[in-house]
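Note that these values count all heavy atoms, side chains included, but never hydrogens, waters or copies made by symmetry. Both counts, for ligands and for their atoms, begin at 1 and track the order of listing. What you see is a predicted model; the values in this text were computed from it and never measured.
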Amino acid sequence: MARYIFITGGVVSSLGKGLASAALGALLQARGYKVRLRKLDPYLNVDPGTMSPYQHGEVYVTDDGAETDLDLGHYERFTGVAARKSDNVTTGQIYSKVLARERRGDYLGATVQVIPHVTDAIKEFIAAEVTDEDFVVCEIGGTVGDIESLPFLEAIRQMGNELGPERTLFLHVTLVPYIKAAGELKTKPTQHSVKELQAMGIKPDILVCRSEHPIEPSDRRKIALFCNVRPEAVIEALDVDTIYAVPRAYHAQGLDDEVLRHFRLDGREPDLGSWDEIVRRVRQPDGAVTIGVVGKYTSLLDAYKSLAEALAHGGIANDVKVKINWLDSEIFEKEEEALLHLEEVHGILVPGGFGERGSEGKIKAAGFARQRGVPYFGICFGMQMAVIEAARSLAGLEKANSSEFGPTDEAVVGLMTEWMRGNEVERRNQAGDLGGTMRLGAYPCDLLPGSRVREIYDADHISERHRHRYEVNINYRQILETNGLRFSGLSPDGELPEIVEIPDHPWFVGVQFHPELKSKPFEPHPLFTSFIKAAVEQARLV
Ligand code: GLN
């Protein structure tokens, strides 16, 4: 029977609760246990996919097509367990469910209340689809004390009471700040935050204390005494130079031992060899390459979290450090000299994106890469822009554009309905709400024999995750192929171009899907491995 580990956060946000959850999942796995990670998000949006990446970081897409919080990306990268729709829920989704039930009359006229109706729905979510997992690590978003997370905290309190300590554990991530003037670590914020949790009926079993300075035994004892935990359950969590060092650091602090002790389990020592090797490669690379990422939300790096990680994984695979030059695509529209920035990089990547702003700059960057023989990796929007560039420059279709930006006579990129009217193939609902009208989640793709991507993947059929509304128009295949852009990956029905490449170029690949979502440090995505390899070769040339 699964045991539940609830992870809450106190004092301030951005303490890295998601990473703590992911690292604990990885440690339990390394001990031979089967884990599942989940997240409860305390905002009212029903569909996180419509939230601005400026505010909330990237939208992480699962195989089964859910648009989720970026922390699920950490979970998947650290544990390799594919996240599912059932692993992320928002308060908005919980309320929608409860309200729909009420409308249907399921509550038989009862007064519908936060307790028990909302909390029941939360508990149902936490325990749903749990089969043979040994542990469910469940992160509660937000900070203890927020109004928003109250129903979640009440629900996990109830679970703790119903299942007992044998099957539940409460872990609280908190901050132990260092006050320079006093030259001291301060434990008071942690004491207050734990007090707040206890007022809600939750007694934390383990405290993970984020700190910039080592926590001396005297401070540890003080925290333990005031917060009602064992001194061994006060885990020091110092900043580390790479997130992949977190599992080893937590293990050294005894986190997994403490968890197993709580559940009266004795596990074998975890095998952290592969984590140590990853960290070694990150810390002592054999050279470096610079990749220019030409995007829009370059001011908020969380918007490209998985992408940055996947590039790092490509570096790990090639034993090099990958430096990222984040470039706002609009600079290429404003001044011609801006292209000089691209002369300094060893590879150009245009990531996913939405809307017309900055698109001409991305098209220019793709053109630069094509003409100069610089490795080019176009992801989703970046593939679409590369196709438009090729259509304009190679195939002479001057007006080539995407109908995402408005009506166009030459919709090289457009909605499938626009070129398959009356056909049933289009399954998405165009007239529906803004949320949930995209091609989302894993779709199969056939790779062309003899193509570069066939060689990179070393497979004939692949499955990758999508998140987009527009597609490259298959009707332009012939003219583009005649002019040097090969369609090397197609949907099995042959209607949707999934991958394009330029055979006559050192490395030029555009993919309609998001390979970055599936890359892991111990299993770098083949496209990123190959792209960085090409960048290493490029670095030798310049
Ligand atoms: N805006 C484009 C579309 O909807 C690309 C989306 C993306 O890059 N994720 O098709």
Starting from [atom], what is the nearest protein heavy atom, named by residue and atom, and what distance separates them?
atom	value
atom 4 (O) of ligand 1	Arg469 N, 2.9 Å
atom 9 (N) of ligand 1	Arg467 O, 2.8 Å
atom 7 (C) of ligand 1	Cys380 SG, 3.0 Å
atom 10 (O) of ligand 1	Tyr470 N, 2.8 Å

| message | Between His525 and Phe531, does the ring pair (Phe, Tyr, Trp, His ring centres under 6.0 Å) criterion hold? Intermediate values first, please. | response | CA-CA 10 Å; His525 192 287; Phe531 175 58; over 10 Å; no
| field | Heavy-atom closest pair, residues Ala390 and Leu480 | value |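 Minimum heavy-atom separation between Ala390 and Leu480: C-CD2, 4.2 Å.
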| request: With the side chain counted from C-beta on, respond yes when Asp302 and Leu70 share a heavy-atom pair under 4.5 Å apart, and no when they do not. | output: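 Yes - at least one pair of side-chain heavy atoms lies under 4.5 Å apart.
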Taking only heavy atoms of [X] into account, list the atoms of ligand 1 that are under 4.0 Å away from them.
X	value
His514	9 (N)
Glu404	1 (N), 2 (C), 3 (C)
Gly352	8 (O)

| request: Could you please spell out the steps behind the salt bridge (charged side-chain N to carboxylate O under 4.0 Å, His left out) verdict for Lys364 and Glu360? | output: CA-CA 6 Å; Lys364 274 204 179 136; Glu360 288 300 326; over 6 Å; no
| query | Val81 and side chain to side chain contact (heavy atoms under 4.5 Å, CB included): which partner among Glu133, Glu76, Gln29? | reply |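 Of the listed residues Glu133, Glu76, Gln29, the side chain to side chain contact (heavy atoms under 4.5 Å, CB included) partner of Val81 is Gln29.
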| said: Please report whether the ring centroid of His313 lies less than 6.0 Å from that of Phe528. | reply: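 No - the distance between ring centres of Phe528 and His313 does not fall below the 6.0 Å cut-off.
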